[in-house]
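The structure presented is a predicted model; accordingly, all values stated were derived computationally and were not measured. Only heavy atoms go into these numbers, but all of them, side chains included; no hydrogens, no water, no symmetry mates.
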Amino acid sequence: METEKVVEHGGDHRKHDPILSNLERDIKEEEQVERELDVNELSRLCQLHGKGIPASQGLDQRKATVEICEFDDDGSGQLAEKCENGRYVWIGMLGAELWFSFYWFITQSVRWNRIYRHTFRDRLLLRYENELPRVDVFVCTADPAIEPPIMVINTVLSVLAYNYPPEKLSVYLSDDAGSELTFYALLEASRFAKHWLPYCKKFNIEPRSPAAYFASLSVSDQSDADFSKMKRLYEEMANKIDVVCNAGTVSDQAKLEYKGFSKWNSYSSKKNHAAILQILNDSRDEETKDVDRVRLPTLVYVAREKHPEHFHNFKAGAMNALLRVSSEISNAPVILNVDCDMYSNNSNAIQDALCFFMDEERSREIAFVQFPQSFGNATKNEVYGSLRVIDEVEFHGADGYGGPLYTGTGCFHRRDTLYGREYSTEARIDLKSACPEKMEENVHELEERLERLASSTYDLNTQWGNEIGLKYGCPVEDVLTGLTIKCKGWKSVYYRPKRDAFVGVSATTLDQILVQHKRWSEGDLMILFSKYSPAWYGLGKLNPGLVLGYLIYCLWSPNCWATLYYSIVPSLCLLKGISLFPQVSSKWFLPFAYVVIAELIYSFAEFLWSGGTILGWWNEQRIWLYKRTSSYMFAFLDTMLKLFGSSNTTFIVTPKVTNDDVLLRYKQEKMEFGSASPMLTILSTLAMINLFCLMGQDKGKIPSFTAFQSVVFALSVCTCENGRYVWIGMLGAELWFSFYWFITQSVRWNRIYRHTFRDRLLLRYENELPRVDVFVCTADPAIEPPIMVINTVLSVLAYNYPPEKLSVYLSDDAGSELTFYALLEASHFAKHWLPYCKKFNVEPRSPAAYFASLSVSDQSDSDFSKMKRLYEEMANKIDVVCNAGTVSDQAKLEYKGFSKWNSYSSKKNHAAILQILNDSRDEETKDVDRVRLPTLVYVAREKHPEHFHNFKAGAMNALLRVSSEISNAPVILNVDCDMYSNNSNAIQDALCFFMDEERSHEIAFVQFPQSFGNATKNEVYGSLRVINEVESHGSDGYGGPLYVGSGCFHRRDTLYGREYSTEARIDLKSACLEKMEENMHELEERLEGLASSTYDLNNTQWGNEIGLKYGCPVEDVLTGLTIKCKGWKSVYYRPKRDAFVGVTATTLDQILVQHKRWSEGGLMILFSKNSPVWYGLGKLNPGLVLGYLIYCLWSPNCWATLYYSIVPLFCLLKGIPLFPQVSSKWFLPFAYVIIAELIYSFAEFLWSGGTILGWWNEQRIWLYKRTSSYMFAFLDTMLKLFGSSNTTFIVTPKVTNDDVLLRYKQEKMEFGSASPMLTILSTLAMINLFCLMGQDKGKIPSSTAFQSVAFALSVCTCIAYM
């Protein structure tokens, strides 16, 4: 039954409601209640809600097991012989369980009585507007090197700009380094404040930290003149401060402008200097006003004296100095203290705090009001954990027992409680003290007098740091001070407004966060063992629930031992074969499972309820483990040393300065290990013991020294017994396969299949279609026959597209006169072929493919016969020339362009050659039907042995430059010379995407799949079927597929490096042709300069920021990746009729070499600066990042596959069983994984259009590639990374002799040549064969095994080198 109890006492309205509801809904309900309240209840200034939460049933101990290791020692019976006595291990486990149970009980205390508060600022101002008390704000900084002055003064400016009477507000900056840099920044801030404060109040802006405010606005919000002026003033101030900070000293000119710098004449160092006090603004002075003639708040700079002989007590000493100094200037009854990195994010925070301090019923018992700490630089998933659960759950629970801890920042205090005043019912704030006193001495005299209060000896032999002020001798002086205040009878309040009151800077490296938690946990444990321990000093003075609340944090560091026990001992027990947990089949397994699952579910739900994310919860679990096994352990040990007098208290300030590389990785949520800290050594050692993790490759990797220590420690603990290394390797292989399987699933979750509407395109844009350039690339006529090349050229010349808007460029990287002769003949034949194609609408429009596709009955037409005769005549001419190896002199005389070959040396050393065979701008360039022909250009870029030519990427970039001076089409299609156009409407299909009114502005390229006309029915060498039918469609769902180098339509501007913008639509007007301004010969001569071998070398961005990328065997994939990282998307489209059809490899060696190049290039991309893992993270959809990783991780697959291909055989030779027997229940998981994977891949392959035998061939080739191509690719990549090898580009041959072709058609595997990759395959086959032929339960005798292996190696070696 639901009940509600309302308790009225001054300013509080408490509800006990068992239902967790949002604060917004509660406020609406309360507003309805307010209408029914009488006038007397208007004195209520704050409201709180108590919400009871049932205790969790989970225990914390399972986190350690879940995080680091998960073991099962009952599976296959293959563990080493178990030790006879594991009793001590179980006793230790019992002790850890008991500790975790005890600590879990303590943590539940703050979940039983949570309170959520709300303030009514309007009531405060209605009653006390003219009687508000003065407020002093203390800002503390320690070192300008790690707390930049620009950050400090942003915090100061944010608190100066509070919505509060300026004459009642004073701000004190404590600079413990006594730095003139910080003072200079504060001086500049005091001048800027005269403009900033009026601006804030005029426009009521939030936040009031200038840096945070300007960073929070979009470009559209920055057009106001007042804004522009204010931003300019801020930037001028910031630039001045940056100049001074970079120089490390204030200029003499600046020092002369303000006499206060004379204080630094005797300055020695940040640890040895006299007291410095400067009153920059004095609100009691009538002349201290802003530009609107409104009085400014008081602003005081204090650098207390430091001397090496006197201990300065860190932040507590600085705060106490401010207490004494401020008592002589403003003596405000309310004090706010904030850290220098914790700017005010809510200009009404003072009023919120005063709602509690001035509540007529409760104010007399409140000592301080604590606001939560929020962090502006925290990433979405809080990679280093957060204070989320503490802020949202635990502190609200502590508030139900008398108030939360004082956490050192974002806290409003009563001054008298800091002076050590005992609680009494008459402890109300004296409002009359709000009247400022008159000045009785000048500022200089006052400064001189007050500097004595900040001397290094003032605290000596006094009660400061003991009974007065903040407590000394503890790293968490704030928690200790708050505890002693409460033990004097006071209470505190925890208040979280809708808009965060304070926002700071969180640690950005793992080392920083661990050091920070070491200080906190060390200080809390010192409190536990001190005379002020809540366990005995607080007993009877504090609510028991609050005592338990303090113990949560005081017992942070002792948690380390139970956690470490759970992190290490189970691993060692696994090595010894000691079973720690019950079998799954046992009824005693249920309590273990319940504890693990219940605790994880509860913590997960609590974290999400607190506003976290799923990945954020996972990060919280990781950091939870890291802290307990490193920070807390060192904190415990240091505390013990201090208690025994072997160590002194230290206070390490968390750095607020982060270099750009670290910051970038932090924003990408990559864990940064920072430095070679002993704590990181502990973590990495634990990881090595449990998982034998591999180190990362980025700049944030574990430092080498730390990693070396970790490996040594782990190996010394984990001494492998006989056969155990095999299982570790098997586990590693399984983990890799599981990881890679997960990646491959990413492109199967969101597949997209597209359809175009060409009729709509033509209906709307028929007369406005853009120009299209087609790039065809060939490298060597010996392996890419000219007749095949010109068939591809003819197929793209014959597109169903306006010929005056179509240009075809052939790049001949060999500069061969044979290829040029073939293209010249093709240009003549095109005058007949193009009209024929359009007249009869033939498909395909590659002549060879077209004539081969027709049956005898289709060849009776006279037009057909004539066209076939013309083609055969052309083909015969080309064959004669190619067989002769040179063009006849007669042919050369018929066309003057052959004169370019007079200086030709070789295919690797020749000048640039450019010939425009057809020019659509020329009225005379027409076919036999008098229709204009498309432009046709031959380009052979210059080659020189001294200049690296960058393979296909260099050729494509040369075409980009040349075409920009001829046709400059906004759309570019590139195809390989063996990939003819099979669909004459492909351009229109691509334009349906590029000219789509909704999506066109974001599409960089349209990729068509690669199909192969010579593939056999069962695809004996495998296929790209699953990639084309499944994976590419899946990538399309995340932003588009990879660019695969052929059959791809591009936007020209994206290849030029253009960043994505919403205005990136193709300019249709660019379709208008330009008139010729120079004759053909002059144009060719000029353009040959763009194809020179040195053009890219002249300090240009070609191959880097412009064009296709250099230095990678898969320049196409890399180029597409960088384009997408600039914000673009791509499209994958598979029409019903294949758009392009090519020639696949016909020997095993060819297919392996091809996949070696692809996998090698993918791995090079992974390790490059453009890696999708770090360069693409945040720029690409996570699914697309995983899609790229599928191919980038092709080659690393080799090691796990090789392990599975070799090691089980050696185990067979040794008689070491690896898998459970068929009769064992543990056989089922193995069988399930194998069968399920095979069935799934089989079904997927058949669904993609394959055959049963084709699937079997795919499995064979999958193994062949992983054990040969990928291994050599991996090794070559490593050699390149270490500078021991250069990038190569091997073109797959397109020429096959008749015998090989016959065997290929019969689907007989052809080994081709004596390749090292084939040697690997045959050796593996022989080893497998001989191992399976063994006797005696599968074990081959040692002598036989040795002979077999030796024979296999001998035979394979002989075959390889015969």
Side-chain angles (χ1 to χ4, degrees), residues 737-756 989 993 1005-1012 1015 1017-1048 1114 1116-1117 1120-1121 1124 1129-1142 1144 1151 1154-1155 1158-1159 1162 1172 1180-1194 1197 1233 1235-1263 1265-1266 1270:
F737 285 136
S738 301
F739 165 68
Y740 190 74
W741 172 84
F742 171 77
I743 293 176
T744 61
Q745 297 312 298
S746 63
V747 293
R748 288 162 168 80
W749 297 331
N750 190 28
R751 291 182 286 183
I752 286 180
Y753 296 85
R754 302 179 183 273
H755 179 65
T756 61
D989 284 328
F993 299 102
F1005 59 88
V1006 179
Q1007 180 66 63
F1008 287 79
Q1010 297 186 38
S1011 300
F1012 301 102
K1017 177 183 177 181
N1018 297 306
E1019 299 160 323
V1020 64
Y1021 295 122
S1023 67
L1024 302 178
R1025 184 175 298 281
V1026 174
I1027 293 176
N1028 288 340
E1029 295 291 344
V1030 179
E1031 295 179 359
S1032 293
H1033 286 289
S1035 296
D1036 201 7
Y1038 296 120
L1042 289 67
Y1043 164 37
V1044 297
S1046 183
C1048 187
V1114 287
D1116 36 25
V1117 177
L1121 171 62
K1124 289 185 181 177
K1129 294 183 179 180
S1130 62
V1131 161
Y1132 182 72
Y1133 179 55
R1134 186 179 190 96
K1136 290 183 179 179
R1137 180 180 181 86
D1138 289 330
F1140 302 95
V1141 173
T1144 189
I1151 206 76
Q1154 189 179 61
H1155 275 271
W1158 291 349
S1159 57
L1180 303 178
N1181 185 295
L1184 191 56
V1185 172
L1186 294 177
Y1188 270 99
L1189 282 180
I1190 293 174
Y1191 312 108
C1192 290
L1193 292 176
W1194 265 356
N1197 271 308
V1233 170
I1235 295 171
E1237 193 279 332
L1238 290 175
I1239 290 176
Y1240 180 83
S1241 68
F1242 179 71
E1244 185 177 63
F1245 193 84
L1246 294 187
W1247 179 86
S1248 300
T1251 64
I1252 297 175
L1253 188 54
W1255 171 78
W1256 175 249
N1257 288 329
E1258 187 74 21
Q1259 304 305 302
R1260 285 200 303 174
I1261 293 298
W1262 174 91
L1263 182 62
K1265 290 184 298 188
R1266 288 196 174 192
Y1270 294 173

| task | Scan for salt bridge (Lys or Arg N to Asp or Glu O under 4.0 Å) pairs involving residues 1018-1035, sequence neighbours excluded, and state none if there are none. | result | R748-E1031, E1019-R1025, E1029-R1134
| query | Going by atom types alone, do Y1133 and T756 pair a side-chain donor with an acceptor below 3.5 Å? | reply | yes
| task | Keeping the roles fixed (side chain from E1258, backbone from L1253), state whether a donor-acceptor pair exists under 3.5 Å. | result | no
| For S1248, which residues count as a side-chain hydrogen bond (donor to acceptor under 3.5 Å, both in side chains) partner, sequence neighbours excluded? | none
| field | Exam field: side chain N750 to backbone G1037, donor-acceptor pair closer than 3.5 Å | value | yes
| Parallel, tilted or perpendicular for H1155 and W1194, by the 30°/60° rule? | tilted
| said: Main chain of F1008, side chain of Y1132: is a donor-acceptor contact present, judged purely on distance under 3.5 Å? | reply: no
| Counting only heavy atoms not in W1262, do more than 12 sit closer than 6.0 Å to its CH2 atom? | yes
| query | Of all residues at least two apart in sequence or in a different chain, which pass the side-chain hydrogen bond (donor to acceptor under 3.5 Å, both in side chains) check with R754? | reply | D1036
| said: For W1247 and Y1240, I'd like to know if the aromatic rings sit close, meaning centre-to-centre distance below 6.0 Å. | reply: no
| Y1043: ring-ring contact (aromatic ring centres under 6.0 Å, His included) partners, not counting sequence neighbours | F1005, H1050
| query | Hey, are K1017 and T1251 close enough side-chain-wise for a donor-acceptor pair under 3.5 Å? | reply | no
| field | Set of residues satisfying side-chain hydrogen bond (donor to acceptor under 3.5 Å, both in side chains) with respect to K1265, sequence neighbours excluded | value | none
| field | Note, Y740 side chain near L1189 side chain (heavy atom, < 4.5 Å) | value | no
| query | Can you name the residues that form a side-chain hydrogen bond (donor to acceptor under 3.5 Å, both in side chains) with N1257, not counting sequence neighbours? | reply | R1260
| Within a strict 4.5 Å, meaning less than it, do heavy atoms of the C1192 and P1172 side chains meet? | yes
